[in-house]
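The structure under discussion appears below in the form of C-alpha coordinates.
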Amino acid sequence: MTNKQAFRGGLAALAGIALCTVSFSFLAAQESKLRIIQTNSAGDNIHIIDPATNKVVGEIKGIEASHGIAVAPDGSRIYISEEADKTLTVVDGKTLQVTKQIPLSGNPNLVDITPDGRWIYVAIALTYDDLSEFPQIKASASGGVDVIDTVSLQNVKTIPIRGGIHDLNVTPDGKYVIAGSSRGAKPPANMMNVIDTKTNDFAWKFQMTPAPSPMAISKNPDGSTKWIFAQLGGLNGFEVVDFATQAKINQIKLPEVAAEKQNRHGPPAPSHGIALTADQKTLLINSRLNSTLYAYSVPDLKLLGGVALGGKGAGWLTITPDDKTAYVANEHTNDVSVVDIKSLKEIALIPVGFAPARNVAWMRP
(Lines give C-alpha, C1' and ligand atoms only; values in the text may rest on other atoms or scores of the structure.)
Protein backbone atom coordinates (compact mmCIF):
# COMPACT_ATOMS: atom_id res chain seq x y z
CA MET A 1 0.00 0.00 0.00
CA THR A 2 1.34 3.43 -0.96
CA ASN A 3 1.35 6.42 1.39
CA LYS A 4 -1.35 8.02 -0.78
CA GLN A 5 -3.61 4.95 -0.49
CA ALA A 6 -3.07 4.83 3.27
CA PHE A 7 -3.92 8.52 3.52
CA ARG A 8 -7.14 8.04 1.53
CA GLY A 9 -8.06 5.03 3.65
CA GLY A 10 -7.52 7.07 6.80
CA LEU A 11 -9.75 9.86 5.49
CA ALA A 12 -12.51 7.38 4.63
CA ALA A 13 -12.34 5.89 8.11
CA LEU A 14 -12.51 9.31 9.72
CA ALA A 15 -15.46 10.26 7.53
CA GLY A 16 -17.26 7.07 8.56
CA ILE A 17 -16.64 7.79 12.22
CA ALA A 18 -17.86 11.37 11.79
CA LEU A 19 -21.02 10.19 9.99
CA CYS A 20 -21.77 7.65 12.72
CA THR A 21 -21.21 10.32 15.36
CA VAL A 22 -23.59 12.73 13.61
CA SER A 23 -26.24 10.00 13.22
CA PHE A 24 -25.89 8.98 16.86
CA SER A 25 -26.08 12.60 17.98
CA PHE A 26 -29.22 13.16 15.89
CA LEU A 27 -30.93 10.09 17.33
CA ALA A 28 -29.90 11.06 20.85
CA ALA A 29 -31.28 14.57 20.30
CA GLN A 30 -34.58 13.17 19.04
CA GLU A 31 -34.84 10.81 22.00
CA SER A 32 -34.12 13.67 24.40
CA LYS A 33 -37.13 15.53 22.97
CA LEU A 34 -39.51 12.59 23.30
CA ARG A 35 -42.24 12.87 25.93
CA ILE A 36 -45.40 10.98 26.86
CA ILE A 37 -48.39 13.22 27.53
CA GLN A 38 -50.80 11.66 30.02
CA THR A 39 -54.30 13.04 30.54
CA ASN A 40 -56.10 12.76 33.88
CA SER A 41 -59.80 12.51 33.11
CA ALA A 42 -61.02 13.18 36.66
CA GLY A 43 -58.56 15.98 37.36
CA ASP A 44 -57.71 19.44 36.13
CA ASN A 45 -54.18 18.84 34.89
CA ILE A 46 -52.13 16.78 32.45
CA HIS A 47 -48.78 15.19 33.22
CA ILE A 48 -45.74 14.98 30.95
CA ILE A 49 -43.41 11.98 31.30
CA ASP A 50 -39.79 11.74 30.18
CA PRO A 51 -39.24 8.19 28.78
CA ALA A 52 -35.51 8.46 29.50
CA THR A 53 -36.17 8.50 33.25
CA ASN A 54 -39.85 7.45 33.42
CA LYS A 55 -40.49 10.40 35.70
CA VAL A 56 -43.06 13.18 35.49
CA VAL A 57 -41.14 16.24 34.29
CA GLY A 58 -43.90 18.68 33.38
CA GLU A 59 -47.52 19.63 33.81
CA ILE A 60 -50.24 21.39 31.84
CA LYS A 61 -52.58 23.06 34.34
CA GLY A 62 -56.16 24.20 34.14
CA ILE A 63 -57.48 21.42 31.88
CA GLU A 64 -60.81 20.32 33.33
CA ALA A 65 -62.15 16.83 32.53
CA SER A 66 -59.85 16.15 29.58
CA HIS A 67 -60.84 13.34 27.24
CA GLY A 68 -59.03 13.15 23.89
CA ILE A 69 -55.56 14.34 22.96
CA ALA A 70 -53.56 14.78 19.75
CA VAL A 71 -50.32 16.55 18.84
CA ALA A 72 -49.20 18.45 15.76
CA PRO A 73 -46.70 16.49 13.62
CA ASP A 74 -44.00 19.09 14.38
CA GLY A 75 -44.83 19.10 18.09
CA SER A 76 -45.70 22.80 18.07
CA ARG A 77 -49.21 22.31 19.42
CA ILE A 78 -51.07 19.97 21.74
CA TYR A 79 -54.81 19.60 21.19
CA ILE A 80 -57.04 18.46 24.09
CA SER A 81 -60.80 17.95 24.18
CA GLU A 82 -62.30 19.31 27.41
CA GLU A 83 -65.66 17.93 28.45
CA ALA A 84 -66.17 20.59 31.13
CA ASP A 85 -66.14 23.47 28.63
CA LYS A 86 -67.10 21.54 25.48
CA THR A 87 -64.02 22.90 23.75
CA LEU A 88 -60.93 21.80 21.89
CA THR A 89 -58.13 23.41 23.86
CA VAL A 90 -54.94 24.39 22.04
CA VAL A 91 -51.69 24.34 24.05
CA ASP A 92 -48.40 25.83 22.85
CA GLY A 93 -45.75 23.10 22.63
CA LYS A 94 -42.95 25.35 23.91
CA THR A 95 -44.61 27.19 26.78
CA LEU A 96 -47.27 24.56 27.69
CA GLN A 97 -49.73 27.44 27.98
CA VAL A 98 -53.29 27.46 26.61
CA THR A 99 -53.46 29.71 23.55
CA LYS A 100 -57.03 29.09 22.37
CA GLN A 101 -60.24 27.24 23.19
CA ILE A 102 -62.31 26.28 20.17
CA PRO A 103 -66.06 25.85 20.87
CA LEU A 104 -67.47 22.48 19.87
CA SER A 105 -70.98 21.38 18.97
CA GLY A 106 -71.41 19.15 22.02
CA ASN A 107 -69.73 16.86 24.53
CA PRO A 108 -66.27 15.97 23.13
CA ASN A 109 -64.63 12.57 23.41
CA LEU A 110 -61.69 11.28 21.39
CA VAL A 111 -59.77 13.44 18.89
CA ASP A 112 -57.38 12.60 16.05
CA ILE A 113 -55.33 14.58 13.56
CA THR A 114 -54.52 14.01 9.88
CA PRO A 115 -50.91 13.01 9.12
CA ASP A 116 -50.18 16.43 7.59
CA GLY A 117 -51.56 18.19 10.68
CA ARG A 118 -54.11 20.14 8.62
CA TRP A 119 -57.36 18.84 10.13
CA ILE A 120 -58.52 17.60 13.51
CA TYR A 121 -61.58 15.42 13.95
CA VAL A 122 -63.38 15.50 17.28
CA ALA A 123 -65.83 12.82 18.41
CA ILE A 124 -68.99 14.42 19.79
CA ALA A 125 -70.95 12.13 22.09
CA LEU A 126 -74.48 12.65 23.33
CA THR A 127 -74.95 15.48 25.82
CA TYR A 128 -77.38 14.65 28.62
CA ASP A 129 -78.77 18.10 29.46
CA ASP A 130 -82.42 17.97 28.38
CA LEU A 131 -84.49 18.56 31.56
CA SER A 132 -87.86 18.90 29.77
CA GLU A 133 -89.12 15.69 31.43
CA PHE A 134 -87.31 16.07 34.75
CA PRO A 135 -86.52 14.07 36.88
CA GLN A 136 -85.68 12.06 33.76
CA ILE A 137 -82.63 13.62 32.07
CA LYS A 138 -82.58 13.05 28.34
CA ALA A 139 -79.88 13.43 25.74
CA SER A 140 -80.10 16.50 23.58
CA ALA A 141 -80.17 16.15 19.82
CA SER A 142 -76.42 16.40 19.44
CA GLY A 143 -73.64 14.09 18.43
CA GLY A 144 -71.37 13.37 15.50
CA VAL A 145 -67.95 14.60 14.41
CA ASP A 146 -66.63 18.18 14.46
CA VAL A 147 -64.05 19.17 11.85
CA ILE A 148 -61.37 21.65 13.00
CA ASP A 149 -59.20 23.69 10.63
CA THR A 150 -55.76 23.94 12.29
CA VAL A 151 -54.79 27.00 10.22
CA SER A 152 -57.72 29.19 11.23
CA LEU A 153 -58.33 27.22 14.46
CA GLN A 154 -62.04 27.23 13.71
CA ASN A 155 -64.73 24.57 13.90
CA VAL A 156 -65.69 24.47 10.23
CA LYS A 157 -68.24 21.66 10.13
CA THR A 158 -70.25 19.26 12.23
CA ILE A 159 -71.08 15.90 10.68
CA PRO A 160 -74.24 14.79 12.50
CA ILE A 161 -74.38 11.09 13.39
CA ARG A 162 -77.24 9.43 15.22
CA GLY A 163 -76.27 8.35 18.71
CA GLY A 164 -73.13 10.47 18.74
CA ILE A 165 -69.51 9.30 18.51
CA HIS A 166 -67.20 8.11 21.29
CA ASP A 167 -64.01 6.94 19.56
CA LEU A 168 -62.55 7.79 16.16
CA ASN A 169 -59.31 7.29 14.24
CA VAL A 170 -57.86 8.90 11.14
CA THR A 171 -56.51 6.22 8.78
CA PRO A 172 -52.70 6.16 8.26
CA ASP A 173 -53.04 7.71 4.77
CA GLY A 174 -55.29 10.47 6.10
CA LYS A 175 -58.05 9.70 3.61
CA TYR A 176 -60.71 8.47 6.04
CA VAL A 177 -61.96 8.79 9.59
CA ILE A 178 -63.29 5.65 11.28
CA ALA A 179 -65.87 6.64 13.89
CA GLY A 180 -67.63 4.33 16.34
CA SER A 181 -71.10 5.30 17.52
CA SER A 182 -71.57 5.94 21.24
CA ARG A 183 -72.97 2.88 22.99
CA GLY A 184 -75.07 4.91 25.43
CA ALA A 185 -77.67 5.95 22.85
CA LYS A 186 -81.18 4.51 23.17
CA PRO A 187 -81.68 2.61 21.01
CA PRO A 188 -77.95 2.13 20.31
CA ALA A 189 -76.75 2.97 16.82
CA ASN A 190 -74.32 -0.01 16.67
CA MET A 191 -72.43 1.42 13.73
CA MET A 192 -68.92 1.91 12.37
CA ASN A 193 -69.02 5.11 10.32
CA VAL A 194 -66.38 5.74 7.64
CA ILE A 195 -65.95 9.40 6.67
CA ASP A 196 -64.13 10.62 3.55
CA THR A 197 -61.79 13.46 4.61
CA LYS A 198 -61.98 15.06 1.15
CA THR A 199 -65.72 15.61 1.33
CA ASN A 200 -66.24 15.28 5.10
CA ASP A 201 -69.19 13.08 4.32
CA PHE A 202 -69.90 9.37 4.70
CA ALA A 203 -68.01 6.94 2.50
CA TRP A 204 -69.69 3.84 3.94
CA LYS A 205 -71.12 2.39 7.13
CA PHE A 206 -70.81 -1.01 8.75
CA GLN A 207 -73.15 -2.52 11.33
CA MET A 208 -71.35 -3.72 14.48
CA THR A 209 -73.03 -4.80 17.70
CA PRO A 210 -71.97 -3.09 19.84
CA ALA A 211 -70.25 -0.22 18.05
CA PRO A 212 -66.43 -0.25 17.86
CA SER A 213 -64.43 1.48 20.59
CA PRO A 214 -61.39 1.90 20.69
CA MET A 215 -59.61 0.99 17.43
CA ALA A 216 -56.22 0.52 15.76
CA ILE A 217 -55.65 0.55 11.99
CA SER A 218 -53.14 -1.30 9.83
CA LYS A 219 -52.04 -0.36 6.32
CA ASN A 220 -51.10 -2.03 3.06
CA PRO A 221 -47.61 -1.64 1.51
CA ASP A 222 -48.94 1.27 -0.57
CA GLY A 223 -50.15 3.06 2.59
CA SER A 224 -53.86 2.42 2.06
CA THR A 225 -56.02 1.08 4.86
CA LYS A 226 -55.95 -2.70 5.37
CA TRP A 227 -57.58 -3.78 8.63
CA ILE A 228 -59.41 -2.14 11.50
CA PHE A 229 -58.86 -3.76 14.91
CA ALA A 230 -61.89 -2.85 17.01
CA GLN A 231 -62.68 -3.39 20.67
CA LEU A 232 -66.35 -3.90 21.42
CA GLY A 233 -68.19 -3.17 24.65
CA GLY A 234 -68.54 -6.38 26.64
CA LEU A 235 -65.96 -8.38 24.65
CA ASN A 236 -62.64 -8.99 26.41
CA GLY A 237 -60.87 -8.99 23.07
CA PHE A 238 -61.27 -7.46 19.61
CA GLU A 239 -62.68 -7.96 16.13
CA VAL A 240 -60.99 -7.40 12.77
CA VAL A 241 -62.71 -5.61 9.88
CA ASP A 242 -61.24 -5.76 6.37
CA PHE A 243 -61.45 -2.25 4.92
CA ALA A 244 -61.53 -3.27 1.24
CA THR A 245 -64.34 -5.82 1.56
CA GLN A 246 -66.14 -4.00 4.39
CA ALA A 247 -66.53 -7.28 6.26
CA LYS A 248 -65.63 -8.73 9.66
CA ILE A 249 -62.93 -11.36 9.16
CA ASN A 250 -61.92 -12.37 12.69
CA GLN A 251 -62.70 -12.20 16.38
CA ILE A 252 -60.05 -12.72 19.04
CA LYS A 253 -60.88 -13.34 22.70
CA LEU A 254 -58.18 -12.55 25.23
CA PRO A 255 -57.00 -15.29 27.62
CA GLU A 256 -59.11 -16.02 30.67
CA VAL A 257 -57.69 -15.68 34.16
CA ALA A 258 -58.88 -17.08 37.48
CA ALA A 259 -61.78 -15.19 39.05
CA GLU A 260 -59.72 -14.14 42.06
CA LYS A 261 -57.24 -12.41 39.71
CA GLN A 262 -59.87 -10.47 37.80
CA ASN A 263 -60.32 -6.73 38.24
CA ARG A 264 -64.09 -6.27 38.52
CA HIS A 265 -64.25 -2.96 40.36
CA GLY A 266 -64.72 -0.57 37.49
CA PRO A 267 -66.41 0.12 34.12
CA PRO A 268 -66.83 0.65 31.27
CA ALA A 269 -65.45 -2.30 29.24
CA PRO A 270 -63.35 -5.37 30.03
CA SER A 271 -60.92 -4.49 27.23
CA HIS A 272 -60.15 -0.83 26.46
CA GLY A 273 -57.02 0.42 24.71
CA ILE A 274 -55.36 -0.98 21.59
CA ALA A 275 -52.36 0.08 19.48
CA LEU A 276 -50.28 -1.20 16.58
CA THR A 277 -46.50 -0.80 16.42
CA ALA A 278 -45.15 1.41 13.65
CA ASP A 279 -43.55 -1.57 11.90
CA GLN A 280 -47.05 -3.16 11.65
CA LYS A 281 -45.80 -6.38 13.27
CA THR A 282 -47.23 -6.28 16.81
CA LEU A 283 -50.69 -5.46 18.11
CA LEU A 284 -50.91 -4.49 21.79
CA ILE A 285 -54.22 -4.67 23.62
CA ASN A 286 -55.27 -3.91 27.18
CA SER A 287 -57.42 -6.14 29.29
CA ARG A 288 -58.93 -4.07 32.09
CA LEU A 289 -60.54 -7.23 33.43
CA ASN A 290 -57.24 -9.16 33.59
CA SER A 291 -55.02 -6.14 34.44
CA THR A 292 -52.77 -7.36 31.63
CA LEU A 293 -51.27 -6.01 28.41
CA TYR A 294 -51.31 -8.64 25.64
CA ALA A 295 -49.27 -8.78 22.43
CA TYR A 296 -50.34 -10.42 19.15
CA SER A 297 -48.31 -10.92 16.00
CA VAL A 298 -49.56 -9.28 12.82
CA PRO A 299 -50.85 -10.37 10.35
CA ASP A 300 -51.38 -13.90 11.73
CA LEU A 301 -52.75 -12.65 15.09
CA LYS A 302 -51.00 -15.25 17.22
CA LEU A 303 -50.70 -14.55 20.94
CA LEU A 304 -47.10 -13.60 21.75
CA GLY A 305 -47.68 -13.28 25.47
CA GLY A 306 -48.87 -10.89 28.13
CA VAL A 307 -47.56 -8.87 31.05
CA ALA A 308 -49.40 -8.52 34.35
CA LEU A 309 -49.61 -4.81 35.16
CA GLY A 310 -48.76 -3.31 38.52
CA GLY A 311 -51.76 -0.97 38.31
CA LYS A 312 -55.48 -1.62 37.85
CA GLY A 313 -57.97 -0.39 35.28
CA ALA A 314 -55.87 -0.41 32.10
CA GLY A 315 -57.82 1.94 29.86
CA TRP A 316 -55.48 3.32 27.21
CA LEU A 317 -51.99 2.93 25.81
CA THR A 318 -49.47 4.55 23.53
CA ILE A 319 -46.23 3.28 21.97
CA THR A 320 -42.94 5.13 21.58
CA PRO A 321 -41.90 5.84 17.96
CA ASP A 322 -39.09 3.25 18.13
CA ASP A 323 -41.62 0.50 18.97
CA LYS A 324 -39.67 -0.40 22.12
CA THR A 325 -41.92 0.77 24.95
CA ALA A 326 -45.64 0.94 25.75
CA TYR A 327 -47.23 3.26 28.29
CA VAL A 328 -50.49 1.93 29.79
CA ALA A 329 -52.81 4.26 31.72
CA ASN A 330 -54.29 2.53 34.80
CA GLU A 331 -57.32 4.64 35.67
CA HIS A 332 -58.31 2.76 38.84
CA THR A 333 -54.96 3.15 40.60
CA ASN A 334 -53.88 6.54 39.16
CA ASP A 335 -50.64 5.35 37.61
CA VAL A 336 -49.00 4.43 34.32
CA SER A 337 -47.35 1.08 33.61
CA VAL A 338 -44.23 1.19 31.44
CA VAL A 339 -43.77 -2.04 29.46
CA ASP A 340 -40.78 -3.21 27.45
CA ILE A 341 -42.45 -4.61 24.33
CA LYS A 342 -39.76 -7.09 23.31
CA SER A 343 -39.52 -8.83 26.70
CA LEU A 344 -43.11 -8.07 27.79
CA LYS A 345 -41.86 -6.91 31.18
CA GLU A 346 -43.18 -4.03 33.26
CA ILE A 347 -40.14 -1.83 33.90
CA ALA A 348 -41.72 1.07 35.80
CA LEU A 349 -44.95 2.23 37.45
CA ILE A 350 -45.39 6.01 37.38
CA PRO A 351 -47.83 7.83 39.73
CA VAL A 352 -49.89 10.45 37.89
CA GLY A 353 -53.22 12.26 38.44
CA PHE A 354 -56.81 11.20 38.99
CA ALA A 355 -58.18 8.59 36.56
CA PRO A 356 -55.46 8.72 33.88
CA ALA A 357 -56.96 8.04 30.47
CA ARG A 358 -55.78 8.98 26.96
CA ASN A 359 -52.06 9.36 26.34
CA VAL A 360 -49.85 10.10 23.37
CA ALA A 361 -46.16 10.20 22.38
CA TRP A 362 -44.99 13.74 21.67
CA MET A 363 -41.75 15.13 20.23
CA ARG A 364 -41.05 18.51 21.83
CA PRO A 365 -40.36 21.33 19.35
Side-chain angles (χ1 to χ4, degrees), residues 29-41 45-52 56-63 66-83 87-102 104 108-123 145-155 167-174 177 197 214-217 273-278 316-329 336 338 350 352-353 356-365:
Q30 290 297 98
E31 289 178 357
S32 70
K33 291 183 177 182
L34 179 63
R35 297 290 186 267
I36 303 299
I37 306 177
Q38 179 61 63
T39 66
N40 300 303
S41 63
N45 65 345
I46 288 173
H47 284 115
I48 298 174
I49 297 167
D50 183 352
V56 172
V57 295
E59 182 181 9
I60 303 172
K61 299 180 179 180
I63 308 295
S66 58
H67 197 124
I69 186 164
V71 295
D74 63 0
S76 61
R77 290 175 180 166
I78 302 165
Y79 302 97
I80 305 154
S81 61
E82 281 194 76
E83 292 190 56
T87 60
L88 182 70
T89 297
V90 184
V91 175
D92 183 89
K94 291 183 177 179
T95 66
L96 299 184
Q97 298 298 309
V98 173
T99 58
K100 189 176 180 65
Q101 288 186 296
I102 304 169
L104 299 171
N109 281 197
L110 204 67
V111 305
D112 205 359
I113 190 168
T114 53
D116 61 4
R118 184 67 172 81
W119 304 98
I120 293 174
Y121 290 84
V122 183
V145 174
D146 280 0
V147 184
I148 309 299
D149 182 341
T150 62
V151 174
S152 65
L153 292 179
Q154 298 292 320
N155 185 351
D167 276 311
L168 55 73
N169 295 75
V170 176
T171 57
D173 58 8
V177 176
T197 57
M215 293 172 282
I217 302 172
I274 188 169
L276 183 66
T277 54
W316 203 257
L317 72 121
T318 193
I319 300 171
T320 54
D322 61 8
D323 286 343
K324 291 182 179 180
T325 313
Y327 287 78
V328 180
V336 174
V338 186
I350 308 169
V352 287
R358 307 305 195 267
N359 54 19
V360 67
W362 169 57
M363 203 68 72
R364 294 186 301 120

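The shortest non-hydrogen separation linking Val111 to Gly68 is CG2-C, 3.7 Å. The minimum heavy-atom distance linking Gly174 with Thr114 is given by the pair O-CG2, 4.5 Å. Summarising the geometry of Glu59 relative to Asn45, their closest heavy-atom pair is OE2-ND2, 2.8 Å, with the distance given to 0.1 Å. Minimum interatomic distance between Trp362 and Ile48 (heavy atoms only, all atoms of both residues): CZ3-CD1, 4.2 Å. Here the closest non-hydrogen pair linking Glu82 and Thr89 is OE2-OG1, 2.5 Å. The minimum heavy-atom distance between Thr318 and Ala361, with the atom names listed, is OG1-N, 3.5 Å.
When the side-chain contact (heavy atoms from CB on, under 4.5 Å) test is applied to Asp92, the partners found at least two apart in sequence or on another chain are Lys94, Thr95, Thr99. Listed by chain and residue number, Asp146 satisfy the side-chain hydrogen bond (donor to acceptor under 3.5 Å, both in side chains) test with Asn155 (two or more places apart in sequence, or in another chain). Remark: Asn359 pairs with Gln38 by the side-chain hydrogen bond (donor to acceptor under 3.5 Å, both in side chains) rule, at least two apart or across chains.
At a threshold of 4.5 Å between non-hydrogen side-chain atoms, the residues Leu153 and Tyr79 count as touching. Contact check for Leu104 versus Ile148: side-chain heavy atoms found under the 4.5 Å cut-off. Using a 4.5 Å cut-off on side-chain heavy atoms (C-beta onward), Leu276 and Ile217 make no contact. Put simply, the side chain of Asp74 does not reach to within 4.5 Å of the side chain of Pro365, judged on heavy atoms. The closest side-chain heavy-atom distance from Thr171 to Thr197 is not below 4.5 Å. Taking the side chain as every heavy atom from C-beta outward, Asp112 and Val177 never approach each other to under 4.5 Å. Counting heavy atoms from C-beta outward, Ile102 and Thr87 have side chains that stay 4.5 Å or more apart.
The closest donor-acceptor contact from the side chain of Asp323 to the backbone of Ala278 lies under 3.5 Å. Side chain of Arg118 to main chain of Pro115: no donor-acceptor pair is present (N/O by atom type, distance under 3.5 Å, no hydrogens or angles). Put simply, the side chain of Thr320 gets close to the backbone of Thr325: a donor and an acceptor are under 3.5 Å apart. Side chain of Ser81 to main chain of Leu110: no donor-acceptor pair is present (N/O by atom type, distance under 3.5 Å, no hydrogens or angles).
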*Could you check Ile78 against Leu96 for side-chain contact (heavy atoms from CB on, under 4.5 Å), going step by step and ending with a plain yes or no?*
CA-CA 8 Å; Ile78 302 165; Leu96 299 184; 4.1 Å; yes
_Please evaluate residues Arg77 and Ile113 with respect to the criterion side-chain contact (heavy atoms from CB on, under 4.5 Å), reporting the C-alpha separation (whole Å), side-chain torsions for both, the decisive distance (0.1 Å), and the verdict._
CA-CA 11 Å; Arg77 290 175 180 166; Ile113 190 168; over 6 Å; no
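Here the NZ-CD1 distance, from Lys324 to Ile319, works out to 14.5 Å after rounding to the nearest 0.5 Å. Note that CE of Met363 and OG of Ser32 are 9.0 Å apart. Values are rounded to the nearest 0.5 Å. A distance of 10.0 Å separates CD1 of Ile80 from CD of Gln101, quoted to the nearest 0.5 Å. Within the model, atoms CD1 of Ile46 and CD1 of Ile37 stand 7.5 Å from one another, a figure rounded to the nearest 0.5 Å. Rounding to the nearest 0.5 Å places CZ of Arg35 at 4.0 Å from CZ of Arg364. Atom CG of Asp50 sits about 9.5 Å away from atom CD1 of Ile36, to the nearest 0.5 Å.
A cation-pi contact, defined as under 6.0 Å to the ring centre and within 45° of the axis, links Arg358 to Trp316.
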